[in-house]
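Notes follow the structure.
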Amino acid sequence: MASVALKSFTGLRQSSPENHHSSKSLFSNPLPSTQLHYRRLNVLAGKSSPKITGRNLRVAIIGGGPAGGAAAETLAKGGIETILIERKLDNAKPCGGAIPLCMVGEFDLPLDIIDRRVTKMKMISPSNVAVDIGRTLKPHEYIGMVRREVLDCYLRDRAAAAGATVINGLFVKMDKPTDKYAPYVIHYNEYDGKVGSVGKKVTAEVDAVIGADGANSRVAKSIDAGDYEYAIAFQERIKIPDDKMQYYENLAEMYVGDDVSPDFYGWVFPKCDHVAVGTGTVTHKPDIKKFQLATRLRARDKILGGKIIRVEAHPIPEHPRPRRLADRVALVGDAAGYVTKCSGEGIYFAAKSGRMCAEAIVEGSANGTRMVDEADLRNYLEKWDKTYWPTYKVLDILQKVFYRSNPAREAFVEMCADEYVQKMTFDSYLYKRVVPGNPLEDLKLAVNTIGSLVRANALRKEMAKI
Amino acid sequence: MTSSMAFFSSTPTTHLPSFSSSSKTQFPITPFHSLLPQRHLLSVPIRATDNGSGAAIVVEEKKDTEGDSLGNGALVAATVEEVGVKFEDPKWVSGTWDLKQFQKDGETDWDAVIDAEVKRRKWLEDNPESSNNDFPVVFDTSIIPWWAWIKRFHLPEAELLNGRAAMVGFFMAYFVDSLTGVGLVDQMGNFFCKTLLFVAVAGVLLIRKNEDIETLKKLIDDTTFYDKQWQATWQDEKKN
């Protein structure tokens, strides 16, 4: 499956061979590049952009979630003058809160910000067939459940320690530069800590902007990045009695079915001392409350006696925005639309994209000594697409095949009982790589999948006759 | 509903208080639910007369029950939801079909198993049930052997399609023969005819109803749509 995905990927960027040629010729011919333009915008890696005198490159990051925090840290460490603007420093965001194992290593997260380690999952089909997955996990492998306010705060504090300036403020608008290397002027309201105050208007001049302000990104609006389809995720935090909480000690549940969601799944995720019960949908947003009730009904026996302590909802992007970059403004994280299909995972990709974008800026500006231009930021997009396209595509295929109808969901849960499937799923989730796997097992898997789908659809046709 | 729609279009977290109040009015009031507060109200007047500070007690009592059974502190109470009947069937034993009860002439009657499972799924689709750890459902459709599926589902349709193909084929053979004088055996040797035959077979397999043409077109669009969404940002570069 992965080889097919890779093949289709190389067709994605037909211009890549050209790019490599032009950068190679540049290295062998270090002249000011008034010549050698195959196309107007090619990879000239900022070697043509002017050196900045008297100061370092200034970058503003709008939004202080995982994407903003990771980007700010990398920029600050790279010697760039960074300001991070976040409107609510103690924001307890509505979120599943699951992070893959690789994030802990890649971002050096301390183990105490992880509230829970989920090592077992239960998938429950529309006809309540329940399958346990997680047998194949090694003892050191787990899915980390975190509180967003804790994680976001930690990443921001680390960025501040590296030299970034964290500002509590609300981004209002951005003035485009009047000249090729003129600065962007960002307008924001700086909060002074008084409750209910509107804050004082501040402007700042920066050379580049990273939009990390989430699904309703204002930066995206100001660069006409376009819209995306989004799902509504609706969640209720429920405090359940201790004996019931014991069951969810390190287990998360996924409920699939038309009653729970027509195109997504319902979940019960354990949090620090309560569970989050929720569901989501793209196509039937007005019915979200109905789906939530159905989810609570399906989990009823396990959350009996619980008290709802909080209700929350948030949009989740379904695919990247049409434009993720314009001149020297780049989008990362949810603002760019980097949420996977099928699982709806976004935290890791937000942080990683923030870091990648910052790395591209650091490299393109030679540690803040030169100006950057759009081509340097495009490097980040290219690297991102190349690294994670297979993951996104595979999850898209899974969603299209297995979330489309009840028979498909029954087949999905049946397939999850297979050990090979579990191993592949967890490997790709925990380490964010699409592993090729054993071809013979892949063939067996394909045959079994088709068999499950055929059986479930046959039963469904019979159901229609009743 | 309109208040919740407005809620979704703006950033949710700041609007939480207004949201929860709207949720209070929208929780389903099952018949049981409405009985609870009334019960309490019945008992209150008695106490009020005893106490003398009647009004205060009534208000408190009412607020208590409302806080418990509706709104933010909503209890997922055991007493409230005895909605509908659970799926029950004598042949459904500990979360799976008991094959011993499906015996016919000493062999398992797989058709009856399939029928039973169909009825169960239909029931659950109309009356979703809570998933219970003490009574897990472990039925797997793969215990039904492959030939039972083929006999029941594939063969009738295969018969239908083959019948159609045979009728069309016979008529076409006659038609071509009458026009060109080429007999059936000579037709099969001709390359053009073989191509036509191949197209006809593929067509019958893929397009069985008129709707299938639309379905196939949509399928092709579907497989490439996500790629287009990802490539969108690179279209910019080409334009520049």
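Everything numeric in this text was worked out from a predicted model, so none of it was measured. Throughout, protein chains are lettered first and strands after them, A, B, ... in sequence-line order, and every chain is numbered starting at 1. FYI, side chains are in, hydrogens and waters are out, and symmetry mates aren't considered; it's all heavy atoms of this structure.
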Against chain A, residues from residues 120-140 of chain B with at least one heavy atom under 4.5 Å, in numeric order, are B:R120, B:R121, B:K122, B:L124, B:E125, B:P128, B:E129, B:S130, B:S131, B:N132, B:N133, B:V137, B:F139, B:D140

**Prompt:** Considering heavy atoms only, which positions within residues 143-168 of chain B lie below 4.5 Å of chain A?
**Reply:**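 So far as heavy atoms go, B:W149, B:R152, B:F153 are the residues that approach chain A to under 4.5 Å.
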
Do A:W389 and B:D227 have side-chain atoms, one donor and one acceptor, less than 3.5 Å apart? no

Note to self: If only side-chain N and O atoms count, and only distance matters, is there a donor-acceptor pair under 3.5 Å linking A:E414 with B:S142?
What the structure shows: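 There is no such pair (donor and acceptor under 3.5 Å, judged by atom type) between the side chains of B:S142 and A:E414.
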
So which part of [X] gets closer than 4.5 Å to some heavy atom of chain A, the side chain, the backbone, both or neither?
X: B:T223; result: backbone
X: B:K119; result: both
X: B:Q229; result: both

Looking only at A:K122, A:E410, A:E253, the option with the highest number of non-hydrogen pairs under 4.5 Å against chain B is A:E410

Highest number of heavy-atom pairs under 4.5 Å with chain B: which of A:K461, A:K239, A:E318, A:K341?
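Going by pairs under 4.5 Å, I would pick A:K341.
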
Side chain, backbone, both or neither: which part of [X] has an atom under 4.5 Å from a heavy atom of chain B?
X: A:N406; value: side chain
X: A:D258; value: neither
X: A:L459; value: both
X: A:A458; value: both

Item to check | Expected output: side-chain B:T141 to main-chain A:R455 donor-acceptor under 3.5 Å | outcome: no

Aromatic ring pairing A:Y392/B:W230, orientation class (parallel under 30°, perpendicular over 60°, tilted between): tilted

Evaluation steps, side-chain contact (heavy atoms from CB on, under 4.5 Å), between B:W234 and A:L381: CA-CA 9 Å; B:W234 296 103; A:L381 276 190; 3.8 Å; yes

